[in-house]
Amino acid sequence: MAVLASTLRSSPDYEANRAAALDALEHVRELAEVVLAAGGQRSTTRHRERGKLLARERVDLLLDEDAPFLELSALGGAHDPSETPGVGVITGIGPVSGVECVVIANQPTVKGGTMNPTGVTKQLRALEIAAQNRLPVVSLVESGGADLPKQADIFVPAGRIFHDLTRLSAAGIPTVALVFGNATAGGAYVPGMSEYTVFVRNAARVFLGGPPLVKMAINEDVDEETLGGADMHARESGLADYLAADEHDAIRLGRQIVADLRWRKLGPGPSLAADEPLHDPEELLGCGPADLRRPVEARELLARVLDGSRLEEFKPLYGTTLVTGWGSICGFPVGVLANNGILFSAESRKGAHFIQLANARDTPLLFVQNITGFMVGSAYERGGIIKDGAKLINAVANSTVPHVTLMAGASYGAGNYGMSGKAYDPRFVFTWPSHRIAVMGGRELGGVMSIVRRGAAERSGTEYDEDADAAMRAEIEELIAAQSHAVYATGRVWDDGLIDPRDTRNVLGLALSAIHSAPVQGATHFAPFRM
Amino acid sequence: MSEAVPIRTLLVANRGEIACRVIRTAREMGIRTVAVHSDPDAGALHVRAGDVAVALGGSTSGESYLDQAKILAAAERAGADAIHPGYGFLAENAAFAEACAAAGIVFVGPSPEAIRTMGLKDLAKARAREAGVPVLEDAEIAGDDRDEWLAAAEPVGYPLLVKATAGGGGRGMRLVTEAGELADAVEGARREAGGAFGNADVFLERYLQVPRHIEIQVFGDSHGNVVHLLERECSIQRRHQKVIEECPSPAVDPELRERMGETAVALARSLGYVGAGTVEYLLDDSGDFFFLEMNTRLQVEHPVTEEVTGLDLVRLQLLVAQGEPLPFEQADVVASGHAIEARLYAESPAGGFSPTFGTMWRYEHASVPRIRYEDGIDSGSEVTTFYDPLLAKVVAHAPGRVEAAGRLALALRGMRLHGPCTNRDFLAAVLDGADFLAGETRTDFVDAHPELVEPGSRTPLLFHLAAAVAVSAHRRRATAPVAGHAPPGWRLLPGSPGRRATWREGDGESLELEYRLAASRLTLALEGETHEVVLGELGADGARVRHDGIERRCEVAVGPDGSVWVNDSETQSVWRQQPRLPETDEAVVSGNPVASIPGTVVAVHVAVGDRVESGQTLVVLEAMKMEHGSVAAAAGVVEAIHVEVGQYVEAHAKLVTLSQDGSGE
């Protein structure tokens with residue numbers, strides 16, 4: 001198999017790219033600090049004083065010792081100044097008793113553990129990942145219910161959480177709820193819809209309506225423990241399957257429940273040599289473009305991610321701005337499609353061909369996006385670039401092998417779609433700090449709008465206000481820049497996580513391992529290809 | 001002059017290292033060997049060393065290795081024509097030597113008469129005096145007149161020792177520093193001697209304050225030849241048992257050696273002594289020496305004599321037992337270099353040298369050159385409390401004393417002894433100590449150096465902790481069923497806290513630590529301090545641990561109970577990780593007894609204030625013609641009873657309130 005060579009260090013852009021990446025990561029570190037503060041010192045101290053574990057400590061204890069945790073949407077909400085990054089719920093994938101599970105943990109120390117709109121999005125995404133990849137779900141429940149001022153953005157979509165939980169269950173995917181504290185009203189349906197429930201004695205309180213509401217509704221005086229305490233649910237209502245002595249006991253029981261699932265992954269295990277890349281992954285910092293007009297050779301990135309830096313290229317001489325080929329990550333075979341410039345007709349046809357081969361071979365696909373779009377211009381339109389782009393999008397959309405998409409650089413226009421962007425149901429999307437995403441670049445968009453408006457002014461015979469035009473262009477450029485930023489994208493949960501480029505192989509390995517919990521089966525039918 | 005009778009099959013009536021030692025030489029000489037064993041020793045090393053083995057049955061020494069009839073029956077069954085008794089057990093039992101002769105079996109040792117004579121302290125001393133051997137002033141104690149006792153003590157002088165006539169091993173012995181203590185000491189010694197030996201006779205003997213223990217190895221054959229094989233110094237003793245022995249003694253010059261040797265030979269000659277024997281002396285700082293006793297057997301510490309003389313004493317014993325003459329004369333005995341032996345015991349020096357026991361699941365030598373090991377166990381051996389806890393003897397022989405001590409200490413420190421506590425650290429600390437190296441060795445050595453009992457670790461514990469933590473994490477990752485490729489405890493968010501764990505070294509305090517392990521770098525936060533450690537060649541069984549400019553190769557092994565054993569060339573430590581999620585007592589979640597079904601109370605078995613045990617029936621209900629007992633889930637005190645006999649209760653109704661012990665609920 002061919003081994004990729006590297007000339008990265010001799011690239012004039014390497015140092016600039018690396019510096020920009022480190023700069024961006026510093027910003028990520030600041031955001032992560034806020035996420036890890038879990039609501040701040042005062043809130044966490046008070047929580048601890050009640051003898052409770054922090055949500056992250058619960059997750060750590062639930063996971064196997066020294067196991068990795070692929071946190072999902074970790075910086076969710078980072079785009080919105082009215083939300084706390086991380087939004088008060090931890091979601092991710094990690095091994096519990098040797099079984100990769102989706103873990104969803106409320107953070108009662110963040111804004112009282114209330115649910116906000118991005119929190120709902122995060123949870124639904126985690127449940128979607130569980131369903132697509134056939135991963136058991138363990139919920140660590142302690143929630144203060146909806147953030148009431150934002151209830152309009154929460155109430156309707158949040159219902160889907162309970163829908164998804166029971167659909168998982170129906171699909172044979174186990175669901176476990178460990179209840180550490182309050183789970184009121186809608187929240188009560190997390191244990192309600194879960195297959196196994198563990199309630200912590202003297203701490204779990206689960207009821208549809210709390211004492212004040214009960215008093216209001218039926219004038220009954222009742223305390224919380226009597227109304228929805230763990231003892232009551234374990235002995236009388238039967239909502240609690242296991243009564244735990246304390247939080248540690250609950251987590252121990254949760255781990256035992258998962259161990260007793262006798263879970264078997266249905267995808268093939270890692271089957272190829274999982275040796276480290278030959279080239280230093282540290283240099284991945286220089287593989288993301290600081291300036292989108294100066295793309296980085298895609299093979300340099302692949303040489304630091306693929307096992308042994310091995311890539312057997314498919315059609316290396318044809319459609320050269322799209323690199324396609326076979327390799328593996330942490331022993332899992334993958335087909336790779338990586339942008340190495342804008343997409344032309346040949347690249348689109350090559351990509352569509354390659355995706356069909358991967359489906360015929362039941363091989364997962366890795367898309368590496370660094371794409372400013374499909375080529376425009378009359379020659380290309382005449383050459384049928386839309387027809388060819390349609391072939392690629394047809395292949396991507398109807399492919400049933402798992403896709404993992406890495407947003408390494410630009411993701412503009414229909415290039416995003418042709419390279420299995422978020423809307424095309426990739427199993428996972430991970431983002432580098434150098435990533436930019438939009439329908440087109442801010443400068444281009446401002447320019448386009450200027451041309452359109454100028455044309456309209458000419459047609460109506462009015463004088464075009466050049467000052468207003470400049471202001472408009474600057475404003476658009478600024479807005480697009482803000483909304484196409486990697487942190488904005490990850491805050492919106494357009495991806496599953498903003499990652500340190502140096503962690504890429506590890507993250508992709510964890511994602512591929514989780515993916516193989518479900519069978520890997522290629523499509524037998526695509527839509528008719530427009531020839 | 002007796003005819004030479006070759007020994008073809010030798011039964012070794014012993015266990016442990018000495019059985020292995022005798023079997024080794026016998027096999028070298030082409031002699032078939034028979035091992036014997038008790039029930040607990042069925043899998044022991046010496047049993048596997050013999051060509052055949054015979055089970056004696058029984059567990060205690062009395063039921064097995066001391067049972068003469070069983071030993072003789074085993075010899076007959078296995079076709080043995082000779083018995084080597086080793087040391088201890090039947091080695092100095094004249095009756096057994098006679099029984100062997102009666103059964104036509106060669107007893108590898110001196111005549112029953114010599115054994116008997118030297119076995120009685122007063123008789124032995126008299127014979128020594130007759131043979132011109134210097135003896136300590138002594139006096140007989142007879143009758144119950146205390147004034148007579150005081151008068152008898154007068155010529156002996158104080159301090160003096162009250163000793164049991166039939167004694168040994170320090171039993172029935174009392175030190176008396178002034179006349180006022182004499183009466184109590186005599187009575188106490190009589191009581192103890194009577195209990196231990198069935199003979200309450202005691203005598204008084206002059207006591208040397210801090211002498212050295214020097215002994216002369218003698219050898220005689222049935223052709224009238226008697227030689228001595230130099231001295232051994234065995235002053236380092238604990239609980240009256242030698243732990244470190246050496247040859248030659250740093251306190252014996254050639255002239256003294258010659259005098260001591262000559263007197264020892266004279267005593268042996270006077271006994272018509274055949275075989276290996278040892279004449280023990282006390283030597284004071286003025287160079288005067290006094291007869292202590294004679295041991296009519298091979299000594300535990302014989303290897304140091306072998307190393308220095310180049311002779312095989314077991315071979316000589318067997319030759320002589322076959323009636324052959326000693327193959328050399330006194331003038332041929334030449335000393336070369338210096339040899340030191342350390343006795344490795346399963347015992348706790350810090351716990352007053354009390355014996356320890358358990359499975360020694362890993363027993364391995366250090367990679368130190370030219371060390372002689374006399375092993376009594378191997379990996380997996382069970383150390384029981386039935387017998388002497390000697391595990392092995394470790395011997396170093398070098399041109400000089402300091403070199404021998406240094407090499408022996410290195411060997412001891414580097415041994416992998418994964419199992420019950422041993423005296424290894426104590427031994428190494430003695431050997432490395434300035435006083436030992438200066439030859440300042442007297443019988444009070446151990447008492448005078450209490451700091452050696454818990455010498456502390458030469459390797460800072462951090463190295464071993466780092467090795468234990470890193471290797472454990474590495475092992476967990478390597479055996480993880482999924483996602484094994486990921487670094488230990490990897491987290492996506494930068495600045496995430498490290499993994500938390502609680503470890504405990506031996507019986508020490510629990511250490512709460514936080515660690516991060518990435519590639520070869522371990523960051524360990526411990527008691528408010530953060531340590532950076534670099535790990536080379538991290539694998540499932542160790543790493544090169546570098547910290548603070550020093551690198552140590554740390555070997556890590558995990559015991560069957562999950563204990564983590566770390567060895568470097570200087571120290572061993574054992575670590576246990578506390579479970580992250582300890583099992584909770586089931587009872588805690590069972591809560592107070594409630595009615596499991598609706599029914600009528602037919603009996604209440606407790607009253608308020610009663611202390612109840614877990615599982616005790618508190619209340620009996622009847623429903624559907626069946627009785628249902630409601631039991632206490634945990635021990636506690638009855639705080640309230642909510643029902644009475646005849647009352648009908650609903651399901652889940654609270655029957656009794658128990659306060660759990662100490663919880664105050």
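Naming: A, B, ... by sequence-line order, numbering from 1 per chain.
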Would you find more than 12 non-hydrogen atoms of other residues, nucleotides or ligands less than 6.0 Å from R553(B) atom CZ?
-> yes
Around E512(B), counting heavy atoms of other residues, nucleotides and ligands shown, do more than 12 lie under 6.0 Å from its CD?
-> no
Answer yes or no: are there more than 12 heavy-atom neighbours, outside D507(B) itself, under 6.0 Å from its atom CG?
-> no
Given the options L510(A), D64(A), L512(A), V35(A), which has more heavy-atom pairs under 4.5 Å with chain B than any of the others?
-> L510(A)
Mind running side-chain contact (heavy atoms from CB on, under 4.5 Å) on R252(A) and R580(B) for me, showing each step along the way?
-> CA-CA 9 Å; R252(A) 185 183 63 78; R580(B) 297 192 305 163; over 6 Å; no
Separation of S496(B) OG from E71(A) CD (nearest 0.5 Å) | 7.0 Å
In terms of heavy-atom pairs under 4.5 Å with chain B, which of L63(A), L253(A), V507(A) leads?
-> L63(A)
Contact leader toward chain B among R29(A), E65(A), E33(A), where contacts are heavy-atom pairs under 4.5 Å = E65(A)
Give, as side chain, backbone, both or neither, the part of E236(A) having an atom under 4.5 angstrom from any heavy atom of chain B.
-> both
Side-chain touch E57(A)/R500(B), heavy atoms, less than 4.5 angstrom | yes
Ordered numerically, the heavy-atom neighbours of chain A under 4.5 Å found in residues 523-536 of chain B are none
Side chain from CB out, backbone as N, CA, C, O: work out which of these in L31(A) comes under 4.5 Å of a heavy atom of chain B, or both, or neither.
-> neither
By a 4.5 Å heavy-atom criterion (distance strictly below it), what part of I499(A) contacts chain B: side chain, backbone, both, or neither?
-> side chain
More than 12 heavy atoms of other groups within 6.0 Å of R521(B) CZ = no
Part of A274(A) lying under 4.5 Å from any heavy atom of chain B = neither
What residue, out of P270(A), S513(A), G509(A), has the most heavy-atom pairs lying under 4.5 Å from chain B?
-> G509(A)
For residues R499(B) and D66(A), report the shortest heavy-atom separation together with the two atoms involved.
-> CG-OD1, 3.7 Å
Contact listing (chain A partner; residues 474-495 of chain B; heavy atom under 4.5 Å) = R476(B), R477(B), P481(B), V482(B), A483(B), H485(B), A486(B), P487(B), P488(B), G489(B), W490(B), R491(B), L492(B), L493(B), P494(B), G495(B)
Relative to chain B, which segment of D500(A) carries a heavy atom at a distance below 4.5 Å: side chain, backbone, both, or neither?
-> neither
For L36(A), is it the side chain, the backbone, both, or neither that has a heavy atom closer than 4.5 Å to a heavy atom of chain B?
-> side chain
Return the option, out of R505(A), E100(A), R255(A), with the maximum number of heavy-atom pairs under 4.5 Å with chain B.
-> E100(A)
